[in-house]
Amino acid sequence: MNAIFYKEWIKTRWYLLLALLVTLGFAGYSMLRINRVASMKGVEHVWEVMLARDTVFVDLLEFIPLLVGILLALVQFVPEMHHKCLKLTLHLPYPQLRIINLMLLYGLVVLLICFAANYLLMTVYMQGVLAPELYSRILLTVLPWYLAGIAAYLLISWICLEPTWKRRVLNLVISVLLLRIFFLAPAPEAYNAFLPWLAIYTLLTASLSWLSIARFKAGEQD
């Protein structure tokens, strides 16, 4: 397990550093937007805008986690398929399905660390500016966007691990439709009642990669 995690870390470490810096940069800039409004017009104006106009000041973050998840899957699995390393990996003296699960687990863990850093940055800043009801409103609004990033990682991994191009195209269409679910309701906190189910739905997408691996093991080729 340690060897697999280390191999994935070697492949993705520079991308992960860039992803962390970019996501923190966007999250920090969103906090600066709140700070600018608060400095110019007062914190009361920030509260008024959030309550009266349904503004959450973090709209720049909407598609950033999605892109981070997509690119992580590409960085992690495209080299495996292009250089035919996956076939060698699956011949290790270790259960094949467990190997894939560990590779996906690595991706999920590093994504969660990256996204948790974003949440920590936003929470620490907003606690000093906004009432708990208001900053929790922002954090709950962005949560589906970060879940979309995790789902995007799992779905693009499924596409990358698929051995045939025809199925990859079909998987891509299915993935676009599934990811669309995370962006159907633009209103703040629109997904609150649905968040537990959305989280379960996100984790279930991990099982799709097993289908691709089963086809890969069966010998289906491009």
Side-chain angles (χ1 to χ4, degrees), residues 1-28 30 58 60-86 89-90 97-122 142-163 167-169 171-183 198-213 216:
M1 183 178 70
N2 292 337
I4 291 173
F5 276 20
Y6 182 69
K7 177 175 73 73
E8 299 307 305
W9 167 250
I10 293 297
K11 282 191 301 185
T12 61
R13 64 189 187 280
W14 295 116
Y15 168 74
L16 291 173
L17 177 61
L18 178 62
L20 180 62
L21 292 176
V22 169
T23 55
L24 287 175
F26 274 92
S30 298
V58 291
L60 288 175
L61 286 172
E62 184 171 7
F63 297 107
I64 299 301
L66 179 74
L67 293 175
V68 168
I70 289 173
L71 290 175
L72 175 60
L74 294 176
V75 169
Q76 188 177 358
F77 290 107
V78 166
E80 291 279 344
M81 301 301 289
H82 180 69
H83 299 296
K84 301 188 184 300
C85 299
L86 185 63
T89 302
L90 293 179
L97 191 56
R98 190 174 297 176
I99 289 175
I100 297 302
N101 286 341
L102 287 174
M103 294 171 73
L104 293 174
L105 177 62
Y106 166 85
L108 290 175
V109 169
V110 295
L111 272 183
L112 287 173
I113 292 173
C114 179
F115 295 163
N118 283 223
Y119 253 68
L120 180 62
L121 172 65
M122 292 188 289
V142 302
L143 183 56
W145 304 344
Y146 286 103
L147 287 175
I150 295 172
Y153 165 73
L154 294 171
L155 289 169
I156 300 302
S157 299
W158 171 44
I159 295 169
C160 292
L161 292 170
E162 171 57 45
R167 288 295 184 100
R168 285 176 185 168
V169 173
N171 293 354
L172 178 60
V173 173
I174 294 172
S175 298
V176 171
L177 295 176
L178 291 176
L179 290 172
R180 183 73 181 91
I181 294 173
F182 293 87
F183 303 97
L198 198 63
I200 294 171
Y201 162 82
T202 299
L203 293 177
L204 287 177
T205 56
S207 62
L208 295 173
S209 293
W210 304 344
L211 302 177
S212 293
I213 292 302
F216 187 89

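Annotation: the span from Leu112 atom CG to Leu105 atom CG amounts to 9.5 Å, rounded to 0.5 Å. Atoms CG and CG, on Leu155 and Leu172 in that order, are 10.0 Å from each other to the nearest 0.5 Å. If you take CG on Leu203 and CG on Leu108, they are separated by 7.5 Å, rounding to the nearest 0.5 Å. Between the CG atom of Leu147 and the CD1 atom of Ile200 there is a distance of 11.5 Å, given to the nearest 0.5 Å. With rounding to the nearest 0.5 Å, the separation of CG in Leu120 from CD1 in Ile113 is 13.0 Å. Atom CG of Leu179 and atom OG1 of Thr205 lie 8.5 Å apart (nearest 0.5 Å).
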Applying ring-ring contact (aromatic ring centres under 6.0 Å, His included), run through Tyr201 and Phe182 and close with a yes or a no. CA-CA 11 Å; Tyr201 162 82; Phe182 293 87; 5.7 Å; yes
Assess whether side-chain contact (heavy atoms from CB on, under 4.5 Å) is satisfied between Ile99 and Met103, documenting all intermediate values. CA-CA 6 Å; Ile99 289 175; Met103 294 171 73; 4.1 Å; yes
Taking it one step at a time, do Thr23 and Val68 satisfy side-chain contact (heavy atoms from CB on, under 4.5 Å)? CA-CA 8 Å; Thr23 55; Val68 168; 3.6 Å; yes
May I have the step-by-step check of side-chain contact (heavy atoms from CB on, under 4.5 Å) for Ile174 and Trp158, ending in yes or no? CA-CA 11 Å; Ile174 294 172; Trp158 171 44; 4.2 Å; yes
Do Phe183 and Trp145 pass the side-chain contact (heavy atoms from CB on, under 4.5 Å) test, and can you show the C-alpha distance, the side-chain angles, and the key distance before you say yes or no? CA-CA 8 Å; Phe183 303 97; Trp145 304 344; 4.0 Å; yes
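No side-chain heavy atom of Thr12 sits under 4.5 Å from any side-chain heavy atom of Val110. Between Leu17 and Leu21 the shortest side-chain heavy-atom distance falls below 4.5 Å. No side-chain heavy atom of Leu143 sits less than 4.5 Å from a side-chain heavy atom of Leu198. Using a 4.5 Å cut-off on side-chain heavy atoms (C-beta onward), Leu211 and Leu208 make contact. The shortest side-chain heavy-atom distance between Met122 and Val142 falls under the 4.5 Å cut-off. Side chains of Leu121 and Leu24 form a contact here, defined as non-hydrogen atoms less than 4.5 Å apart. The closest side-chain heavy-atom distance from Ile159 to Ser175 is below 4.5 Å. Within the 4.5 Å cutoff, the side chain of Phe77 has heavy atoms near those of the Leu104 side chain.
When atom types are taken as modelled, the side chain of Arg98 and the backbone of Asn101 share no donor-acceptor pair closer than 3.5 angstrom.
Scanning both residues, Leu74 and Pro79, for their nearest heavy atoms gives O-CD, 3.5 Å. Smallest separation of non-hydrogen atoms from Ser30 and Leu60: OG-CB, 4.4 Å. Here the closest non-hydrogen pair linking Ala73 and Ser157 is CB-OG, 3.5 Å. Looking at every heavy atom in both residues, Leu66 comes nearest to Ala148 through CD1-O, 3.9 Å. What you find for Gly149 and Leu111 is that their closest heavy atoms are O-CD1, 4.0 Å. Between Asn118 and Ala27, the shortest heavy-atom distance links the atoms OD1-CB, 4.1 Å.
The aromatic ring centroids of Tyr106 and Tyr6 lie 6.0 Å or more from each other.
Checked by atom type, the side-chain pair Tyr153/Gln76 shows a donor-acceptor distance below 3.5 Å.
Ring orientation note: the planes of Tyr119 and Tyr146 are nearly perpendicular, at an angle over 60° on the 30°/60° scale.
With a 6.0 Å radius and a threshold of 12 heavy atoms from other residues, nucleotides or ligands, Phe26 has its CZ atom at or below the threshold.
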